[in-house]
Amino acid sequence: MKRFIEGECRTQTTLLPESIDDYISDANPVRIVDVFVDELDLANLGFEGVEPAATGRPAYHPAILLKIYIYGYLNRIQSSRRLEKEAQRNVELMWLTERLTPDFKTIARFRKENGKAIRSVCRQFIVLCQKLGLFAESLIAIYGSKFKAVNNRDRNFTSAKLQRRMEEIESSINRYLTALDTADRQEPTVAKAKSERLHDKIAALKEQMKTLKEIEVQLNKTEDKQISLTDPDARSMKTRGTGIVGYNVQTAVDTKHHLIVAHEVTNVGIDRDQLTSMAKQARTAMDVQDLTVIADRGYFKSEEILACHEAGITALVPKCKTSGAKAAGRFDKADFIYDAENNEYRCPAGQALIWRSSRIEHGLNLHRYWSSCCQQCDIKAQCTPSTERRVTRWEHEDVLEAMQTRLDKAPDSMRIRRQTVEHPFGTLKAWMGATHFLTKQLKNVSTEMSLQVLAYNMKRVMKLLGSPAMIEAIRA
C-alpha cells in the first residue's frame, strides 16, 4: 500500500475524540433543516405532542421527527424503515437528531397523525419565499401529472373492466370443460390425473367469479362506478401510455425561479376543473393581486376561464380544436368574424349570419347564427355540407376572444409553460422512484406529496441563495 493515501487504523483510539459537529460543514443542508424547523411554531401549525404528557413514557418531540422526515425527503429516503436505519448510522442524522433513534413505527405514525400540520409547514416555506421576494413576476404555469398509487391495476375495477374479466373467466371455464370431455376419452390413469388438475382450475375460477360478483355489488354503490381494493381513494387514469391507477397531482410553478407555489393531490383524472382553484391558491400563496396563469389545452373550459376573469386573474389557455372542418378543408369558426355592434357574424363570402335563436346547453346560454343565402353561395362547398352554416356563440364568448388575443400577442407562452412546469414533475418522479407514492388514501398521499414539494423548494432556494444566506433569512 505504498505511495497511496493511507487511512487511520480502525482500532486506534484518540485521547480527545472529535465532536460530531466537526463532521458537519457550515454549508451542509442539514443545518438549514435544523434552523428551519427550530424557527417554526409547531403548536400553531397543529402538531400533536408539542406539550409533553404529565404521565406515561416520555415521547419524542415533534420537531425531531419533522427534521427526520425533511432530511429524508431531501435525500430521497421516504421509507420509515430506511429512515430508522439512517438515524442509527448516518452522521448527518445523528447530528440533526442529537443521536436520537426512533423506531420506524414512531416515524410512520408521526407522518400519519400530523398530515395537516405537515402540509402547513410546506405552505410556511412558501411564505418565507414570498418574504424573500422570490415571486416578483406574478406569472405562474399550472400543470397536472399522474402519479402511481400503491394500488395495482389488477386490483382496480370499473364496470367495463369487471365485465371483461367475467367474460374471460366464463370462456376459461368453458375451455376447461371441453378439455375434461377430451380427457374422459383417454386411458384411465391419464384421464384421472388430467381430470383432477382441470377440476382444481375450474374450482379456482368459480371462486374468482364469486369474488367478482361481490365486487360488482360494491361497485354499483359507488358514485363514479370505480373501486380500488388496496387504496380505496386511488383511481384509474388515462396517460400517454397504458394508463395507471393513481392520483392526479396539480402544481402551480412560478416562471422565474421554478418554485412550486401551490399544489394539490386529486383523484380526478382530468384537469378541466382545476384552473381556477389552483390559480386562487397560487395568488394567496404569493400574496399578489394581479396574477397571470398559463396552462395547456387540457385546462380549457369556458366556465373556468370566466371564473378566472371574474376573480381578476389573467388566464392564457389555448382553445381545444374540437371541430373537424379545418381538417376536412373547410372554413372553421375562426374564419367567421363577429360584429358586436350588430350582433352578427360575417362569413368568408361577405354575407351576414344574423341571430336566430338561443338555448341552454350543459348550463351554458348559447346563441345560434346563420344566413339565408347559403344555398346560393359559390363557395358553399368550402363552408358546410349542410343546408346552411350555423355558428354558435356563448353569451360570454368575448372573454374567450380576449384571452385568444392575449395568446396571439404572446406566442412564447406555451414554450414558457413547458419549460417551467414539466421539469419539476420529472424531478419529483425521479426522486420518488418507479413506485411513486408509498402511502394509501388521499389525505396520506397529500401529506407525502407536501414533503416532496417542500424538499424540492428547499433545494431550489439553497441553489439560489446558498446555505449561509438561507440560514440568515430563516432566522431574520
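This is a predicted model, so every value here is computed, not measured.
- In this structure, Tyr69 OH and Ile64 CD1 are separated by 14.5 Å, a value rounded to the nearest 0.5 Å.
- Looking at Asp408 and Thr405, their side chains never bring a donor and an acceptor atom within 3.5 Å of each other.
- To the nearest 0.5 angstrom, Ser450 atom OG is 10.0 Å from Gln452 atom CD.
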For side chain to side chain donor-acceptor pair (under 3.5 Å), just list the numbers for Thr447 and Arg111, CA-CA rounded to whole Å, side-chain angles, deciding distance to a tenth of an Å, and then say yes or no. CA-CA 7 Å; Thr447 302; Arg111 179 173 57 185; over 6 Å; no
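- By the 6.0 Å contact criterion, NZ on Lys459 is enclosed, its count of non-hydrogen atoms from other residues, nucleotides or ligands being greater than 12.
- Judged purely by distance below 3.5 Å, without hydrogens or angles, the side chains of Tyr338 and Asn343 pair a donor atom with an acceptor atom.
- Under the 4.0 Å criterion applied to side-chain N and carboxylate O atoms, Glu397 and Lys333 are assigned as salt-bridge partners.
- Heavy atoms only, all atoms of each residue included: Val421 and Ile142 are closest at CG1-N, 4.2 Å.
- Of the possible polar contacts, one joining the His61 side chain to the Ala63 backbone as a donor-acceptor pair under 3.5 Å is found.
- No side-chain donor from either of Asn365 and Trp394 sits under 3.5 Å from a side-chain acceptor of the other.
- Taking CG from Asp233 and CG from Asn151, the interatomic distance works out to 10.5 Å, rounded to the nearest 0.5 Å.
- Salt bridge Glu48/Arg109: absent, no basic N to carboxylate O contact under 4.0 Å.
- Nearest heavy atom pair, residue Met94 against residue Ile20, reads CB-CD1, 3.6 Å.
- A salt bridge links Lys301 and Asp273; the closest N-O separation between the charged side-chain nitrogens and carboxylate oxygens is under 4.0 Å.
- The side-chain heavy atoms of Phe157 and Leu229, taken from C-beta on, include a pair separated by under 4.5 Å.
- Looking only at atom types and distance, the side chain of Ser371 has no donor-acceptor partner in the side chain of Gln351 under 3.5 Å away.
- Legend: residues meeting side chain to side chain donor-acceptor pair (under 3.5 Å) with Gln250, ordered by chain and number and at least two apart, are Asn248, Asp271, Tyr299.
- Looking at Lys161 and Asn156, their side chains do bring a donor and an acceptor atom within 3.5 Å of each other.
- A salt bridge links Arg346 with Glu344; the closest basic N to acidic carboxylate O contact falls under 4.0 Å.
- Of the inter-residue distances, the one linking Arg165 atom CZ with Ile215 atom CD1 reads 10.5 Å to the nearest 0.5 angstrom.
- Side-chain contact check for His367 and Ser357: no donor-acceptor pair (N or O, by modelled atom type) lies under 3.5 Å.
- Atom CZ of Arg272 is surrounded by 12 or fewer heavy atoms from other residues, nucleotides or ligands within 6.0 Å.
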Are Phe336 and Tyr345 close enough, and set up right, to give a ring-ring contact (aromatic ring centres under 6.0 Å, His included), and what steps lead you there? CA-CA 6 Å; Phe336 293 77; Tyr345 277 91; 7.2 Å; no
Working for side chain to side chain donor-acceptor pair (under 3.5 Å), residues His396 and Ser302: CA-CA 8 Å; His396 298 292; Ser302 300; over 6 Å; no
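- A cation-pi contact links Lys429 to Phe147, judged by a cut-off of 6.0 Å to the six-membered ring centre and 45° from its axis.
- Considering only heavy atoms from C-beta on, Thr384 stays 4.5 Å or farther from Trp370 through its side chain.
- Between Arg31 and Asp34, no side-chain nitrogen of the basic residue sits less than 4.0 Å from a carboxylate oxygen of the acidic one, so the salt-bridge criterion is not met.
- There is no side-chain donor-acceptor pair under 3.5 Å between Arg417 and Thr420.
- Residue Ile126 holds its CD1 atom at 12.5 Å from OG1 of Thr284, rounded to the nearest 0.5 Å.
- No side-chain donor from either of Glu448 and Gln78 sits under 3.5 Å from a side-chain acceptor of the other.
- Distance NZ/Lys148 to CE/Met237: 14.0 Å, rounded to 0.5 Å.
- Heavy-atom minimum distance, Ala315 versus Met403: O-CG, 3.1 Å.
- Taking the centre of each ring, Phe425 and Tyr143 come in below the 6.0 Å mark.
- Residues Asn28 and Tyr23 bring no donor and acceptor atom of their side chains to less than 3.5 Å of each other.
- Side-chain N/O atoms of Ser228 and Arg155 include no donor and acceptor closer than 3.5 Å.
- No side-chain donor-acceptor contact under 3.5 Å links Asp290 and Ser138.
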